[in-house]
Structures are given as C-alpha cells and as structure tokens.
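Data block below; observations after.
A quick note: this is a predicted structure, and the numbers were derived from the prediction, not measured. Lettering follows sequence order; numbering is per chain, from 1.
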Amino acid sequence: MKRREPLSNTQLLMTIAIGIFVAMYGAAMAFLGGGFLRFQQVFDLLNDNAYLIIISCALTIVMIGGGINISVGGVISLTVMACALYLNGTGIENSFLSITVTLLLALGIGLAFGIGQGFLVSYLEIQPFIVTLAGMFLSRGLTTILSVNPVKVTHEGFQALVKTKIQIPFLGYVAQNGNQIPAKLEIGAVVAIAVVVLSYLLLRFVKLGRNIYALGGNQQSALMLGINVRRTRFMSYVLSGLLSGLAGFVFLMHKPAGNSSVAMRSEMDAIAASIIGGTLLTGGVGNVIGAFFGAMILATIQKIIALSPLNESWWQEMASGVLLGFFIILQSVVLSSREKRRARKSAAGGVRKE
Amino acid sequence: MQNDAVLTMRGISKTFPGTRALDRVDFTLRRGEIHALMGENGAGKSTLIKVLTGVYEKDGGSIWVDGTEGEAHIHSPQDAQQIGISTVYQEITLCPNLTVAENMFIGRSEGAVVRWKDYEKKATAILKNLGIPARARQELSSCSLAVQQMVAIARAVDMNCKVLILDEPTSSLDDKEVEMLFSLMRDLKSRGVGIIFVTHFLEQVYEVSDRITVLRNGQLVGEFAVEDLPQVELVAKMMGKNLNDLEDMQLAGQKHEAGEEVIYQAEGLSSSDSRPFDFQIRKGEVNGFTGLLGSGRSESVRAIFGADRVTGGKVRVRGKETRITKPHDAMKAGIGYLPEDRKKDGIIADLSVRENIILAMQVMKGFFHPMSRAQMEAFADEYINALSIKTASRETPVGSLSGGNQQKVILARWLLTHPDYLILDEPTRGIDVGTKLEIQKLVLRLAAEENMSITFISSEIEEMLRTCSRLIVMRDRNIVGELTGDQLTQAQVMKTIAGGEQGV
C-alpha cells in the first residue's frame, strides 16, 4: 500500500482557500438567501469574472516562477479597444471569419506584450515589476490613442456571440409565474474554466510547468539542475501575455464595448486572487485551482456586499483588503507552525539517535 | 597515462586579472578512489573544480575523461554532466519545493510530459539501492540537510557519473549525518565511481580518503597516499611552513593564568531556546562551551548576549546586577558576540569593509553622534592591518571577501568597541587552516595582553583544547561537566559529552 504523503505547502494553502470559499458561500446562502439559493448565482459569478479568472491563472504562472506581471489589466483594455475598433470597421462579410480574426488579434496583442516583457525580464534581466509597470502604462496609453471615447461594438455577428449562452435546464429554477428558467452560462465562463484546467495540467504534467516551479523554488538550483532558466522565465511571461489577450477577448464577449478604463486595477485583483489561492510572492508555491477559488472568493465578496445594505464600493474594497490581510497572516502562521513542527521533529529524532 | 584513471588533468592554468589562480596544475583521479583535494583558501581548489565543471574556461592545459575520445572540451556545467562529471556543492543545489523524485529527474528527462509514476518508481529504486532514508514523494524541504545532500548525490549517480565532486559536503552536517554520508561515499567507491572530496576537516580526510592532492598558491604541492602523509605534515604542506606555530600555541593556551575578578556571572539564566544554566567567567579567562550539534551551546551564549528572548535568571556584570534582554543591553555592558551564522547574523554583504567594521561602535555611540569620515577610515585601516584582512581596499563590499576575511571583519567590529567579554561562536568554521591559527592566536593574545574574557565555541575539539583553559560540556541542553587543567584532553571531553563519569 502506498503511504500517503502529508500535503505539500501548495496543496495545503489551496485547501484553505477552497474551505474559505465554501464557508463564505454557505454563509451567504444561509443569511442572504435569495439569489444565492439559485445555481444561477454561481454561473453569474463565473460569467462576470471570467476575465479575472483567466488573468489570475496568468499571474499565478508568473508568480510561481518568482516573477510578477502588473500589465495584464492594461493589456485587457488595449485588446478590448483594438478588437472593438476592428469589429466595427471590418470589411469581412463572413462573421465567423471576422470573429476569428478578432480573436487572433486579441491573442496577438497579448503575445506581443508577453514576448517583449519576457525578453526584457529574462534575457536583459530587468526587474519584472519595472518592466510590467512600463507595460501597464504603455498599454493604457495605447488604448487612449486608439480612441479617447468609448467604442461600442456594433458588429452583428459578434453581438450574436455575446448573446449566445449555454442553457442548462436542470440547474435552473421555476420563476414566480411558473415558467422554468434554465441556468445560463456564457461562452467566456467556459473558456475561463478551460484555461484553469489547461493551466493546471501544464503546471502539473508538462516539463515547462515543472521547470517554472523549480525556477521559483530556487533559481540557482534550477540552473545547476540543467534547466534553461532564461527560456523558462521567458515562457512564463509569454504565457501570461497570451492569457491576458485571451482575457481581453473574453471581456469583450461579456461587455462588448471598448473604454480606456476597462479592467482598471484588475491586475491587483488577480494578484490578490493568486495569493488568496495559495501562491507565495516568493515563488515556487502556488496552484491555479487555488487561484480560481481566490478569484471566486473576491467575486463572492463583491456580490454579498452588492446584495447587502452596505452597497458602496469602498465597503467592497475594505472587505477584500481585510480578507487579503487575514489570508496572508493565516498562510504565514500555517507555514511557520509547519516549519517549527518539522524542526522539532528532526531535532527530537537527532537526540534520540545519539 | 595510467589505465585506471577516470580523470586526468595536466598543466591546467587559469589567470584572473591580477592573480594567477592556477599555475600548471596536474590532477589524476582513479576509478573507485576517494581523492581529497586540500589547500588553504586561495590555494586554487575551487578554481580547479570550477574549471573541471565548466564554470570557468581554462587558459591552458588538457583534460581527459575516461570514455571520451581525445581531450574533453568542457564549456558549461551541462557539458561536464554529459561526459560524466557531477558536482554536489556545499549549498544544496536542489529545489526545496519539489519532491525528492522530481529533484532527481528534473532537467534531464526525455519528452515534454512528466511521467510521475516513472519518476517515483525509479527514484524509489535508487534511494533503496543507495540506502538513502527518503521517500520519493516527499517534499525535499521536509528532509534533513544530510538527506538532501544524499538526494543530490543520488541524482549524480543516476546520471552515470564517473567523477563525483563533493565540495565541502560535511560543513553543515552533524557527526551522525557525516557518518551516513561517508558510508554512501564508500558504497559509491566500491561501485567504481571516482570521488573528489574537498573539505576543511582534516580528520574527515583521513577517515575516508585514499589519496590526497595538496595545492598551494595555485600550484601543485604533490599527490600523496593517505598512509604516507601524517596529519601534521599535511597541515605543513598546506601552509607551506613548519609546525612550531601549532606547538607554541598549545603551551601558551595552558600557560595563561586568568585573573581573579569575575567579569560576568549568570544564575539560572534561560531564554526561549535554552534551559536555565549557571555560568561565570573571570577577567582574562578563555573558556569554551562544547557539546554535539544541538546540545545547546550556541543557544546558551545567545542567551548571555540577549540574542534570543531571555525568560529568566539573574545576571551580574562586574558584580553589579544588570538586565540584559536585548543585544544592545549586552553591548552597553561590554559584551561582544560574534555569531555562528556570519552570513545571516554577522556581515552586511553590500556594505564596505569600513562600514562593517565601525557598525558596532556606531551603535554604541548612538546614531545621533556620527563619527567623522576620517575617524572611521582610521579605525578601519587600523584593524585591516592589525588582523591582516585581505581586501582590495577598505571600501570593498564585504560580500566579495573570502570567508576567513569576512570573519576577521566581524571580529574587528567587536574589537573596536573594546569589550570586556567577547563571545566567539564558531569563529573558524569554513575557514582555511592558516586563518584558523591566526584567529586562535589572536584569542590567546587578547586574553593575555588585554585581559579580555573570551568564550570560544568550536566544533573542533582540538581547537578548543588549544585555546581554552576551561571547558563547559553540554549535552541535551544541560551543562553536564566542567573541565579544567589536566582534564583538558580529547578523551576526557569525548567521555563527558558521551555521558561518562566526570572528574575521575
């Protein structure tokens, strides 16, 4: 029989995040009732926050590698604006084709940022915070250059895509007038979940993913173990850039309008989601499943406050801030008590042997 | 060339700006031997190792490795690994956040997908084969340092290495763990692996090696079979001088008489990490705490200095009751402490030699009474000369100095404050033999000439016997004996540590 290993730090922190999410959602069901009793609520959280889930994965990947990327929000706004302008001005009749081109445009913008930032961080060894700060300013600036005024998507094919929803009747509910209303899930939410699953598989089973963990665990060691540290770091930024572009497209599918303040400060939410999900800023520890639940926790807080009498934006920010603080304290307490226990165990073992 | 040689290096040279690090050095490693590479700091050991592992490019000379046609061309650590040269460094070069199995295979497996089952099966087999007490699925950070080191060795062995370089592998291990490592080394040797063993511990060389190559100042002194080279001669060859120095000191250590005045006295002193203990030291006395790793010797002196949270007990300094709860209190009372972990608690690597030296003095004076630049420079120069600290200038960042010189800088820092009582916790760890002797002599001189009271802690018992006139022996966090005078012999110390009758 296989002996069960104790949870790794990554798994432990993720488990805590899931536990908190379940507890919080349970409490909302019990005390607020209403929408929280319907399954649609979960779907709404996913629909509204699909882009946040995607960039949380992007941040988690970079942070596991010991880096940071604060340009993701800016890249979303640039992508959304560029795609909106393209859709409104496209000459392509076939709407499937024009939407495909739009998607490629979104991914291309993300990829370009990923490659550029990855090159600066990995090969020129510039601090990632500085590089991506520059990327953030650049992308926000470019968004405004593209259009100072908000741009609403008028492309019919895309509007149809926006309205397309996956309907799941058995998770629905019966309205007061007796009509059966099915639960609705947007395409973006499905994409977000696919991203979580694929990122998880990448980090767990693909060599690149494991190399990212090794890099974050100890860069010098990773080098000595024969890992191409520069390429690994470069790839982590390319992936995060690509995911930001995808997040921009998903955002547009949810709210089909470009605006220079789109996804403002969403990079901070994504960092918070990653940390709540158990990613350590020091690198080497983290998990996209945790980040998914981290994003869902933030989304749930937002929802709870929107439904409560305290519906003001600062309450939501305060609650998120308090929760983030609480989480970081909890993590450090859990990890340090673990260290102590281990140290004590090994010390005790040493004494006994003598 | 000998047929059983797995590695032959001939006429290796390497020059750095200003220094000739290696001057036509030869080195031969045979199949199934443990070959110690010895030399003081700066002798060229690490340069030779780095040339061999591809970290540095050699300027001249040739390397042949068994199984490789013609001369071996090594330009990167990867090249070295490919032709069968693996290195296990002093600092663990594995990733603490990955599992044992993954650490053994990452960076060298085929294909883009990780086959966990495969990894774990193979790793379990290797661990079992080599008798390493670790589980494949365990996170590396949950293993002891010794086991982590063994995992690194297991990785090297599984890569079919012919030459295994162990660079100071034992410096952070306790005796038990060293024994485990040695039996693994002997096992590998019997499998035909050639092992290059770099260490500062002379006893360990004699315990495990077959052959010794000595370097000095970048040149080859010679290659010797262990049985032909007594320990004393080895030291002499490494230092390039005769050993009268050593003998002189032994006498000096026993000759020196301590004064009568009790400088420091503790009754039932305890801290968050140490049990209550009584202790006193007289003026001009050199004493030592000894015991195995984890016996509480460092924790006790940390309590004296207030470095850990003090939880109880009475302290008298020069007969006057004094409260010492934090290092600053201790410094005001005239106590200096040179910590065990100089990287963590001691030096500030990015500051210059000068800034590091005047640090404690500045703290004593308070930050609102800055010293003049000229004054600081004068102090720094004085101690750079007095302790013969080898540094490019007084403004060189301390981090770029060698370990021994860093230690001297910290020593200078405390000497500058002229403490009455100086605690030196492992001041000679990881330092070459020459500097070790210098520090030992300095300790004796400070006690004799300046009447300084000194507590000296070292893992090497000989060193303590040479310097201390009184030894406090600790076991399992309790003081179990005090040895003075004729009792100061290695046998008696061992017996007391092990729990034999004392004072017989």
Would the number of heavy atoms belonging to other residues, nucleotides or ligands and lying under 6.0 Å from [atom1] of [X] be above 12?
{"X": "A:Tyr123", "atom1": "OH", "value": "yes"}
{"X": "A:Arg231", "atom1": "CZ", "value": "no"}
{"X": "A:Phe205", "atom1": "CZ", "value": "yes"}
{"X": "A:Gln127", "atom1": "CD", "value": "no"}
{"X": "B:Asp118", "atom1": "CG", "value": "yes"}

How about [X] and [Y]: do any of their side-chain heavy atoms sit closer than 4.5 Å?
{"X": "A:Arg204", "Y": "B:Val114", "answer": "no"}
{"X": "A:Met224", "Y": "B:Tyr89", "answer": "yes"}
{"X": "A:Leu225", "Y": "B:Thr93", "answer": "no"}
{"X": "B:Val113", "Y": "A:Lys207", "answer": "no"}

Given a strict heavy-atom distance threshold of 4.5 Å, which part of [X] is in contact with chain A: side chain, backbone, both, or neither?
{"X": "B:Leu94", "answer": "both"}
{"X": "B:Gln138", "answer": "both"}
{"X": "B:Arg155", "answer": "side chain"}

_A:Arg210 CZ to B:Phe105 CZ distance, which is reported to the nearest 0.5 Å_ =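 It comes to 14.5 Å.
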*Rounded to the nearest 0.5 Å, what separation is found between the CD atom of B:Glu102 and the OH atom of A:Tyr213?*
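Going from CD on B:Glu102 over to OH on A:Tyr213, the span is 9.5 Å.
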*Which atom of A:Gly284 lies closest to which atom of B:Asn97, heavy atoms considered*: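 Result for this residue pair: O-ND2, 2.7 Å.
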*Return the minimal non-hydrogen interatomic distance between A:Ala214 and B:Cys95, and the atom names on each side.*
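Distance-wise, the nearest heavy atoms are O-SG, 3.3 Å.
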*For A:Leu201, is it the side chain, the backbone, both or neither that has a heavy atom under 4.5 Å from a heavy atom of chain B?*
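Nothing of A:Leu201, per the 4.5 Å heavy-atom cut-off to chain B.
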*asked:* At a heavy-atom distance under 4.5 Å, which candidate from B:Pro96, B:Ala152, B:Ala112, B:Ser76 has the highest pair count against chain A?
replied: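 Heavy-atom pair counts peak at B:Ala112.
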*Between chain A and each of B:Thr53, B:Thr87, B:Ile106, B:Leu140, count heavy-atom pairs under 4.5 Å; write down the option with the most.*
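Among B:Thr53, B:Thr87, B:Ile106, B:Leu140, the one with the most close pairs to chain A is B:Ile106.
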